[in-house]
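Before any comments, here is the structure.
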Amino acid sequence: MDSSFDTQRSGTPRTAGRGDVLVTGGAGFLGRNLCATLLALGYRVHAVDNFITGRRENIEPLLAHERFRFVECDIADPRFPQVFEDVPLAEVYHLACPTGVPNIALLSIEMLETCSIGTFAVLKLAREKGAAVLFTSSCEVYGQPEVCPQPTEYTGNVNPVGPRCPYEEGKRFSESLLITYVRKFGLNGKIVRIFNTYGPYMSPTDQRVMPQFLRSIRREEELVVYGDGSQTRTFLYVDDLIRALLLVMKEGKSGEVFNVGGTEQITITELGNLMIALTGYQKGIEYRPHFTEDHTSREPDVSKIRSLGWIPAISLEEGLKRMIAFQAETVSEGRTQPVAVGTMAP
Ligand SMILES: NC(=O)c1ccc[n+]([C@@H]2O[C@H](COP(=O)([O-])OP(=O)(O)OC[C@H]3O[C@@H](n4cnc5c(N)ncnc54)[C@H](O)[C@@H]3O)[C@@H](O)[C@H]2O)c1
């Protein structure tokens, strides 16, 4: 197990708040945004992360907050539950998982350990505390879908020994664990299958398509599209996703599964062209053969989350402008100066 089980920076949140909430994977892209929102809403927030794909910089500005506590640890480490011995947790948002398609081969064991041993530990802890759990699953549980859009009832088309299996099957196993705790122990547990989400605090080294394109723009390199660029995706701005997570935690019934994602299909080539237009970038797109098995399209059927009153508020163009501006303010790389916010094309 990782020896960097660092509790030095932890403290007990110092003031009373709305209740104690645990966010696993709190230093990641979504975790960081969720922690900030929960703090703004008045919760006492405990975050854990082992930084395998998350970043210290993401949570550093939160450390001074009187209702925030951070512990560096691996949720698959047997010492993880001890961190919460005296904490009356009311809710757990279980986000921890290594992410990124190129990481599937690199971090395959860590993905499977986190999704199995780690999820077991999180569920046991929640059961002991009587806390509600929301697990962030993924559209990858549908594999290479033969049905479009994908409703939550769709059981998917997954290859259990394919190249993407550590992530796809890891998420499916975590879902099975959660639903078993719901059925067997009466745990209050919900599942959100997230489709591509983007926005501030995505790591500039993240391997997902938008950060990759922004990295190429910063480095003045061509945008690399793997495959012929006709594969479609939908994208959701992070604030809309966080609203959905809070809504499901509050209004979702135990055992329910929700898809959350954008609903407007865009090809990867169209996305590259939109980012080129928004940044005024001069270089074009380079096509390369895909390095792994890719999914041709993914689109969520979001009727269930819509029935709770959720409607996304941020358009792709507006969200991209915000993300580009955020990265311009916070990231610089090599010889390339960050693009000044004011010089961006509309
Ligand atoms: N962002 C998306 O578009 C998207 C899509 C589908 C699913 N999800 C899911 O949402 C969750 C958050 O994703 P994200 O985009 O913020 O990715 P991320 O990689 O930025 O965040 C995941 C965090 O979990 C941490 N982590 C991983 N294994 C851990 C372990 N064993 N112990 C402690 N911490 C660990 C990582 O260091 C990282 O900070 C993940 O479970 C991911 O699978 C995200």
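Position 1 is the first residue of the sequence; numbering continues from there. In listed order, ligands and their atoms are each counted from 1.
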Does ligand 1 have an atom that lies less than 4.0 angstrom from a heavy atom of [X]?
X: Cys73; answer: yes
X: Pro98; answer: yes
X: Ser137; answer: yes
X: Tyr198; answer: no

(message) For Gln327 and Arg218: C-alpha separation, side-chain torsions, deciding distance, then whether side-chain hydrogen bond (donor to acceptor under 3.5 Å, both in side chains) applies.
(response) CA-CA 10 Å; Gln327 286 221 352; Arg218 281 196 307 279; 2.7 Å; yes
Protein contact to [atom] [nearest heavy atom, distance to 0.1 Å]:
atom: atom 6 (C) of ligand 1; answer: Ile194 O, 3.1 Å
atom: atom 43 (O) of ligand 1; answer: Tyr167 OH, 2.5 Å
atom: atom 3 (O) of ligand 1; answer: Thr197 N, 2.8 Å
atom: atom 39 (O) of ligand 1; answer: Asp49 OD2, 2.5 Å

(request) Check the side chains of Thr205 and Ser203 for a donor-acceptor pair under 3.5 angstrom, ignoring hydrogens and angles. (result)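 Result is yes, a qualifying pair exists.
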(request) Ignoring hydrogens and angles, state whether a donor on the side chain of Tyr281 or Ser216 is under 3.5 Å from an acceptor on the partner side chain. (result)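 Per modelled atom types, Tyr281 and Ser216 side chains form no pair under 3.5 Å.
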When you measure from [atom] to each heavy atom in [options], which option holds the nearest one?
atom: atom 22 (C) of ligand 1; options: Gly170, Gly100, Cys97, Ser203; answer: Cys97
atom: atom 1 (N) of ligand 1; options: Arg56, Arg208, Lys171; answer: Arg208
atom: atom 35 (C) of ligand 1; options: Asn50, Leu30, Val238; answer: Asn50

How are the rings of [X] and [Y] set relative to one another: parallel (under 30°), tilted (30 to 60°) or perpendicular (over 60°)?
X: His94; Y: Phe135; value: tilted
X: Tyr142; Y: Tyr154; value: parallel
X: Phe84; Y: Phe80; value: perpendicular

(message) Below a 4.0 angstrom heavy-atom separation, can you tell me which part of Asn196, side chain or backbone, both or neither, approaches ligand 1?
(response)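 Only the backbone of Asn196 comes within reach of ligand 1.
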(request) Starting from the C-alpha separation in whole Å, work towards a yes-or-no answer on side chain to side chain contact (heavy atoms under 4.5 Å, CB included) for Phe213 and Ile285. (result) CA-CA 10 Å; Phe213 282 174; Ile285 293 176; over 6 Å; no
(message) Working to the nearest 0.5 angstrom, can you tell me the gap between Ile52 CD1 and Thr114 OG1?
(response)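 Here the interatomic distance stands at 6.5 Å.
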Using distance alone, decide if ligand 1 has a nitrogen or oxygen within less than 3.5 Å of any nitrogen or oxygen in [X].
X: Gly54; result: yes
X: Val48; result: no
X: Cys139; result: no
X: Ile52; result: yes

(request) Please check if the distance between the ring centroids of Tyr198 and Phe326 is under 6.0 Å. (result)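 No, the ring centres sit 6.0 Å or more apart.
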